Amino acid sequence: MGGLRFYNTMTRSLESFEPLEQDHVRMYTCGPTVYNYVHIGNLRTFIFEDILRRTLQLFGYRVTQVMNLTDVDDKTIRDANAARIPLRELTDRYIEAFFEDIDTLRIQRAEHYPRATEYIPQMVELIKRLEAHGHTYRSGGSVYYSIATFPEYGKLSGVRLDKNIAGARVETDEYDKEDARDFVLWKAPKPGEPSWETELGPGRPGWHIECSAMSMSLLGETFDIHTGAVDNIFPHHENEIAQSQGATGQPFVRTWLHAEHLIVEGEKMAKSKGNFFTLRDLIARGYDPVAIRYLLLSVPYRQKLNFTFDGLHAAQQATERLANTLRRIETTPPAEEGSGCLSIDAIEAFRAAFRAGLADDLNTARALAALHTLLRQVNTALDHGGISGDVRTSLSHALNEADSVLDILPAHAGALPDEEATRIEALIEQRSTARQNRDFATADAIRDQLAREGIVLEDTPNGTLWKRKRQNPPEEK
RNA sequence: GGCGACGUGGCCAAGUGGUAAGGCAGGGGCCUGCAAAGCCCUCAUCCGGCGGUUCGAAUCCGCCCGUCGCCUCCA
């Protein structure tokens with residue numbers, strides 16, 4: 001175990017990772033605000049968190065991951081009101097859609113998905129602790145955090161609020177803050193907004209408090225890793241630190257990891273630019289979820305990821321090639337040990353390179369390069385000496401290990417002799433007979449017919465294989 | 001105005017002092033009845049530009065040009 005290195009936003013440096021508990025990592029990953037379908041930018045971050053989680057597991061750690069679901073905020077309230085439905089109905093709908101989407105992308109489930117509205121008592125409790133420590137003030141029925149009482153404020157982001165007021169947009173303050181830099185912990189009730197009766201008075205929570213309350217409730221006052229996208233660094237995570245450490249006096253988080261943004265065709269993704277995509281949009285255009293996953297994980301998380309349809313096409317080709325090679329391995333009988341065979345050394349070199357890539361701050365590009373190199377060696381061996389039974393077992397283990405993190409190889413579907421497959425195989429049988437009789441016209445007619453149905457044939461020394469061709473997405477502009 | 005990231009072949013991208021991984025696309029060849037799949041060869045004398053440090057830099061320093069992001073609720 002061990003050997004992992006992560007770039008900690010707090011220290012702005014690469015650090016060796018050691019969890020507080022020897023074999024156990026506790027991490028909090030900022031989740032979605034459930035007022036709409038998640039977009040591919042959100043998913044890039046979730047996939048980074050998935051790779052993080054799986055890498056920790058690969059390196060022997062038990063992981064407890066919490067991902068919050070923000071189900072009360074300005075936008076959820078706005079959209080529920082617009083649709084004239086209860087807030088809960090709106091958020092239930094998009095929570096369900098969220099789980100569908102992460103399943104589609106093979107993102108592993110976290111251990112906990114707390115909803116903000118179910119942690120109101122914990123938030124109130126936390127705010128009371130902050131009050132007891134003198135970090136807050138009340139005004140107009142709201143409770144505010146006084147930045148001036150927390151000297152470390154700004155340490156994570158490097159933002160110095162006193163220095164960048166000029167030029168920044170000046171917010172017209174809807175509430176009554178003493179200082180423009182302060183932020184709200186508890187919002188006074190407003191007409192048309194949900195409100196909770198609490199010891200703080202009626203109202204609803206501010207955005208930042210939920211993450212402090214839920215993370216500490218489920219993971220303890222100090223835990224190992226906190227993640228999100230770069231836009232969360234300021235003010236969200238900065239405020240979380242102020243809230244948590246202001247209340248407990250203990251360090252909040254040991255390692256902060258932040259994913260860079262995804263941009264589209266070189267530009268920030270925005271609904272107004274028409275370059276805004278949800279997972280559902282891409283699936284509807286015929287793209288394969290595994291290709292989308294591949295693309296989103298292929299660029300290391302601290303790099304901006306430029307999402308393009310060319311890139312998605314390339315990802316689709318790459319995943320198809322991986323699948324083809326895997327199929328070759330499975331359908332080729334073991335060879336005798338000999339020259340031209342795949343060596344155990346090649347597999348061990350791959351395992352080392354793959355793990356080294358991930359250990360280096362989740363360098364997925366390096367890990368993928370190692371995988372591609374191995375699979376080329378596999379194909380070369382298959383074309384020449386072959387793969388012996390023993391080597392094949394090791395290969396299989398190594399590939400499973402890699403895919404336990406990447407999850408981009410096709411699932412072993414097993415033999416499923418449904419009617420469709422039976423019919424196709426009967427046609428292939430007819431074609432084989434025709435080929436044996438050198439009746440290529442008939443053979444090709446059968447192949448063409450199947451091709452029109454989206455079935456691709458491959459004649460190999462071990463018989464004719466078939467696969468379903470992925471529907472070719474329409475050309476993008 | 002403040003803070004920050006980045007600029008490597010047609011596209012994506014690794015590499016942070018020792019002489020350019022990997023993928024996609026392209027070209028040539030092999031295999032095949034023809035395909036498909038796969039393999040082999042090929043594809044950056046060069047890493048935004050100009051200086052500097054060094055025996056040696058894509059990698060360190062300075063300046064310039066360019067792109068992108070954050071600056072109170074956007075992952």
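Residue numbers begin at 1 in each chain, while the letters A, B, ... track the order of the sequences. Just so you know, these numbers come straight off a predicted model, no measurement behind them. Side-chain atoms are counted along with the backbone in the values below, which use heavy atoms only and exclude waters and symmetry mates.
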query = How does protein reach along nucleotides 30-39 of chain B, written 5' to 3' as B (base within reach of a heavy atom under 4.0 Å), S (only sugar-phosphate), or - (no contact)?
reply = ---BBBBSBS

inquiry  = Could you tell me the Watson-Crick or G-U partner of B:U19, where both distances fall under 3.5 Å? Say none if there is no partner.
reply    = none

task = Figure out the CG/P separation between A:Asn68 and B:A75, and round it to whole Å.
result = 11 Å

inquiry  = Taking only the C1' atom of each, what is the distance from B:A58 to B:C6 in whole angstrom?
reply    = 14 Å

query = Touch check for A:Gln303, heavy atoms < 4.0 angstrom, all strands: base, sugar-phosphate only, or nothing?
reply = sugar-phosphate

message = Reading RNA chain B from 5' onward, which residue's closest nucleotide shows up sooner: A:Glu267 or A:Arg44?
response = A:Glu267

query = CG of A:Asn306 versus C1' of B:G23: gap in Å, rounded?
reply = 16 Å

query = When you compare B:C50 with B:A13, how far apart are their C1' atoms, in angstrom units rounded to a whole number?
reply = 27 Å

key: ring-ring contact (aromatic ring centres under 6.0 Å, His included) partners for A:Phe6, two or more places apart   = A:Phe17

ask   = Where the side chain of A:Lys268 is defined as all heavy atoms beyond and including C-beta, which of B:G69, B:A75, B:A14 is the nearest nucleotide?
value = B:G69

Note: A:Arg53-A:Asp50 ion pair, threshold 4.0 Å (strictly below) = no

task = State which of B:G23, B:C68, B:U72 makes the closest approach to the side chain of A:Pro235.
result = B:U72

query = Starting at the 5' end of RNA chain B, which residue's closest nucleotide do you reach first, A:Ala318 or A:Tyr7?
reply = A:Tyr7

message = Suppose you measure atom P in B:G17 against the same atom in B:C60; what distance do you get, rounded to whole Å?
response = 8 Å

query = Considering residues at least two apart in sequence or located in another chain, which fulfil the ring-ring contact (aromatic ring centres under 6.0 Å, His included) criterion with A:Phe183?
reply = A:Tyr145, A:His208

message = My understanding is that only residues two or more places apart in sequence, or in another chain, count here; which of them pass side chain to side chain donor-acceptor pair (under 3.5 Å) with A:Glu49?
response = A:Thr227

task = Write down the distance between CG (A:Asp182) and P (B:C73), rounded to a whole number of angstrom.
result = 15 Å

ask   = What integer distance in Å separates A:Leu312:CG from B:G23:C1'?
value = 14 Å

inquiry  = Measuring from the side chain of A:His372 (C-beta onward, heavy atoms only), which nucleotide among B:A75, B:G22, B:A14 has the closest atom?
reply    = B:G22

ask   = A:Arg366 side chain: which of B:G15, B:A75, B:C12 is closest?
value = B:G15

ask   = In residues 97-108 of chain A, which ones come under 4.0 Å of RNA chain B, going by heavy atoms?
value = none

request  = Quote, to the nearest angstrom, the P distance that separates B:G62 from B:U53.
outcome  = 15 Å

inquiry  = Counting only side-chain heavy atoms from C-beta out, which of B:G15, B:G4, B:C73 sits nearest to A:Arg12?
reply    = B:G4

message = A:Tyr119: which residues meet the ring-ring contact (aromatic ring centres under 6.0 Å, His included) condition with it, sequence neighbours left out?
response = none

ask   = Should B:C68 form a Watson-Crick or G-U wobble pair with both distances under 3.5 Å, which nucleotide is its partner?
value = B:G4

task = Would you mind reading off the distance between A:Asp231 atom CG and B:A5 atom P, rounded to a whole angstrom?
result = 17 Å

inquiry  = Can you confirm whether A:Phe276 sits close enough to A:Val264 that some side-chain heavy atom of one is under 4.5 Å from a side-chain heavy atom of the other?
reply    = no

inquiry  = The criterion is side-chain contact (heavy atoms from CB on, under 4.5 Å); which residues satisfy it with A:Val38, sequence neighbours excluded?
reply    = A:Pro32, A:Asn42, A:Leu43, A:Phe46, A:Phe98, A:Asp101

Between the protein and nucleotides 25-28 of chain B, are there any N/O to N/O pairs under 3.5 Å, and if so, what are the atom names and distances?
from, atom 1, to, atom 2, distance (Å)
B:A25, OP1, A:Gln317, NE2, 3.2

query = Is there a Watson-Crick or G-U wobble partner for B:G33 with both distances under 3.5 Å, and which nucleotide is it?
reply = none

Separation of the P atoms in B:A35 and B:C31, to the nearest angstrom = 12 Å

message = When the C1' atoms of B:G23 and B:C63 are compared, how many Å lie between them, rounded to an integer?
response = 36 Å

task = Keeping to residues at least two apart or across chains, list the salt bridge (charged side-chain N to carboxylate O under 4.0 Å, His left out) pairs with something in residues 29-47 of chain A.
result = none

key: For A:Ser298, side-chain contact (heavy atoms from CB on, under 4.5 Å) partners two or more places apart   = A:Tyr294, A:Leu295, A:Leu368

query = In whole angstrom, what separates A:Phe309's CZ from B:G10's C1'?
reply = 20 Å

message = What's A:Pro32 touching, base or sugar-phosphate or nothing? Going by heavy atoms closer than 4.0 Å.
response = nothing

key: Per A:Thr373 side chain, nearest of listed nucleotides B:A75, B:A14, B:G22   = B:G22

request  = Could you tell me whether A:Gly311 contacts a base, only the sugar-phosphate backbone, or nothing, with contacts defined as non-hydrogen atoms closer than 4.0 Å?
outcome  = nothing

ask   = With A:Glu429, which residues qualify under side chain to side chain donor-acceptor pair (under 3.5 Å), at least two apart?
value = none

task = Assign A:Ala314 to base, sugar-phosphate, or nothing according to its heavy-atom contacts below 4.0 angstrom with the strands shown.
result = sugar-phosphate

task = Fit a plane to each ring of A:Phe350 and A:Phe354, take the angle between them on a 0 to 90° scale, and name the class: parallel (under 30°), tilted (30 to 60°) or perpendicular (over 60°).
result = tilted

inquiry  = Check this for me, if you would: do A:Asp288 and A:Arg293 make a salt bridge, where the nitrogen-to-carboxylate-oxygen distance has to be below 4.0 angstrom?
reply    = no

request  = For the side chain of A:Lys75, starting at C-beta, report the closest nucleotide among B:C74, B:G15, B:C24.
outcome  = B:C74

request  = Taking atom C1' in both B:U8 and B:G66, compute the distance separating them and give it to the nearest angstrom.
outcome  = 16 Å

note = Taken in chain and number order and not counting sequence neighbours, the residues that satisfy ring-ring contact (aromatic ring centres under 6.0 Å, His included) with A:Tyr7 are none

request  = State the pairing partner of B:A44; accept Watson-Crick or G-U wobble contacts with both distances under 3.5 Å, and report none otherwise.
outcome  = none

ask   = Mind checking who B:G62 pairs with, Watson-Crick or G-U wobble, both distances under 3.5 Å?
value = B:C50

query = Mind checking the C1' distance from B:G69 to B:A37? Whole angstroms is fine.
reply = 43 Å

request  = Would you please indicate yes or no on a ring centroid separation below 6.0 angstrom for A:Tyr37 and A:Tyr94?
outcome  = yes

